[in-house]
Undergrad: 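I'd like to ask some things about the structure below.
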Amino acid sequence: MSIIRYADDFVVIHRDKDIVEKAKEVISDWLAEMGLELKPSKTKIAHTIENLDGKAGFDFLGCEIRQYRDKTTKLGHKTIIKPSKDAAKRHLAKVGEVVERHKGTNQIALISKLNPIIKGWSRYHCTTVARKTFEYLKYRMYEKLWKWACFNHFHKGKMWIKDRYFRRHGGYNW
């Protein structure tokens with residue numbers, strides 16, 4: 001049995017479901033002695049390959065951990081860790097709030113507020129399989145920034161806005 005913990009979050013991992021359920025009972029009893037309890041909404045037993053309760057794998061610290069069968073590996077499966085959908089939605093909502101709060105301000109002020117948020121989230125998830133998530137978030141952030149630019153310059157044309165805010169940089173267009 002393995003236990004992975006971070007602050008007040010932890011995961012118990014074992015091949016046998018009965019042992020995991022026994023561990024849950026032992027942990028519940030141990031926490032009860034201290035006046036604490038497991039939060040039912042955050043406590044679940046999941047299988048990393050097979051669907052239990054409609055979903056295989058589990059979310060832990062903003063990451064979705066799941067295994068896929070693969071006959072080419074010695075273990076017979078590959079473990080894939082990627083940003084969870086909830087974490088991506090929360091990140092996108094936070095970016096949206098910052099953009100909304102800074103309507104009417106200049107580009108430099110908006111960038112100075114967005115950079116730490118985007119860089120922090122990206123650096124946290126850079127060790128996971130995150131390419132598709134990053135592409136999705138890049139597209140959605142572009143939409144938010146385009147709306148911000150159009151709001152600030154509603155009297156200008158789209159090409160003027162593109163030339164002003166979305167210039168070519170190196171090999172990147174827009």
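Since we're looking at a predicted model, the values are computed, not measured.
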Undergrad: Mind checking whether Trp160 and His153 have parallel, tilted or perpendicular rings, split at 30° and 60°?
TA: perpendicular
Undergrad: Around atom NZ of Lys113, are there more than 12 heavy atoms of other residues, nucleotides or ligands at under 6.0 Å?
TA: no
Undergrad: Please report the closest heavy-atom contact between Ala88 and Leu137, naming both atoms and the distance.
TA: O-CD2, 3.8 Å
Undergrad: When clusters are formed by joining ILVMFWY residues with side-chain heavy atoms under 4.5 Å apart, either directly or through shared neighbours, do Phe58 and Leu61 land in the same one?
TA: yes
Undergrad: Passes side-chain contact (heavy atoms from CB on, under 4.5 Å), His91 versus Met141? Steps please.
TA: CA-CA 10 Å; His91 174 63; Met141 284 187 250; 3.8 Å; yes
Undergrad: Would you compute the distance between atom NZ of Lys156 and atom CG of Asp163 and round it to the nearest 0.5 angstrom?
TA: 11.5 Å
Undergrad: What I'd like to find out is whether the side chain of Phe10 reaches to under 4.5 Å of the side chain of Ile27, using heavy atoms alone.
TA: yes
Undergrad: Which atom names give the shortest non-hydrogen contact between Asp70 and Lys78, and what distance separates them?
TA: OD2-CE, 2.5 Å
Undergrad: Please determine whether residues Leu92 and Tyr142 belong to a single hydrophobic cluster, defined as Ile, Leu, Val, Met, Phe, Trp and Tyr linked transitively by side-chain heavy-atom distances below 4.5 Å.
TA: yes
Undergrad: Report the C-alpha distance between Ile65 and Val11 in whole Å, list the side-chain angles of each, state the deciding distance to 0.1 Å, and finish with yes or no for side-chain contact (heavy atoms from CB on, under 4.5 Å).
TA: CA-CA 11 Å; Ile65 298 143; Val11 176; over 6 Å; no
Undergrad: May I have the step-by-step check of side-chain contact (heavy atoms from CB on, under 4.5 Å) for Lys147 and Lys144, ending in yes or no?
TA: CA-CA 5 Å; Lys147 287 179 183 177; Lys144 291 179 184 305; 5.9 Å; no
Undergrad: Looking only at non-hydrogen atoms, find the nearest pair between Gly62 and Ala87 and report the distance.
TA: O-CB, 3.6 Å
Undergrad: Check whether Phe151 and Val95 end up in the same hydrophobic cluster, where Ile, Leu, Val, Met, Phe, Trp and Tyr are linked by side-chain heavy atoms less than 4.5 Å apart.
TA: no
Undergrad: Indicate the atoms forming the closest heavy-atom contact of Ile80 with Val129, along with that distance.
TA: CG2-CG2, 4.0 Å
Undergrad: Looking at CG of Asn152 and OG1 of Thr105, how far apart are the two atoms once the value is rounded to the nearest 0.5 Å?
TA: 7.0 Å
Undergrad: So which heavy atom on Ser112 is nearest to which on Pro116, and how close?
TA: O-CD, 3.3 Å
Undergrad: Between Glu21 and Lys24, does the salt bridge (charged side-chain N to carboxylate O under 4.0 Å, His left out) criterion hold? Intermediate values first, please.
TA: CA-CA 5 Å; Glu21 288 174 351; Lys24 181 181 173 184; over 6 Å; no
Undergrad: Of all the heavy-atom pairs spanning Val99 and Leu110, show the shortest one and how long it is.
TA: CA-CD1, 4.0 Å
Undergrad: Under 3.5 Å, is there a donor-acceptor pair between the Glu135 and Tyr139 side chains?
TA: no
Undergrad: Please report the C-alpha distance between Ile117 and Trp121 in whole Å, then the side-chain angles of each, then the deciding distance to 0.1 Å, and finally whether the side-chain contact (heavy atoms from CB on, under 4.5 Å) criterion is met.
TA: CA-CA 6 Å; Ile117 296 167; Trp121 199 88; 5.7 Å; no
Undergrad: In Å and rounded to the nearest 0.5 Å, what is the NZ to OG distance from Lys138 to Ser122?
TA: 11.5 Å
Undergrad: Looking at OG1 of Thr79 and CD of Gln67, how far apart are the two atoms once the value is rounded to the nearest 0.5 Å?
TA: 3.5 Å
Undergrad: Specify whether Phe166 and Trp146 have parallel, tilted or perpendicular ring planes, treating 30° as the upper limit for parallel and 60° as the lower limit for perpendicular.
TA: tilted
Undergrad: Report the distance from atom CZ of Phe134 to atom NZ of Lys82, rounding to the nearest 0.5 Å.
TA: 13.0 Å
Undergrad: Report the distance from atom CD1 of Ile118 to atom CD1 of Ile111, rounding to the nearest 0.5 Å.
TA: 9.5 Å
Undergrad: For residues Leu38 and Trp30: do they belong to one hydrophobic cluster (side chain heavy atoms under 4.5 Å, members Ile, Leu, Val, Met, Phe, Trp, Tyr)?
TA: yes
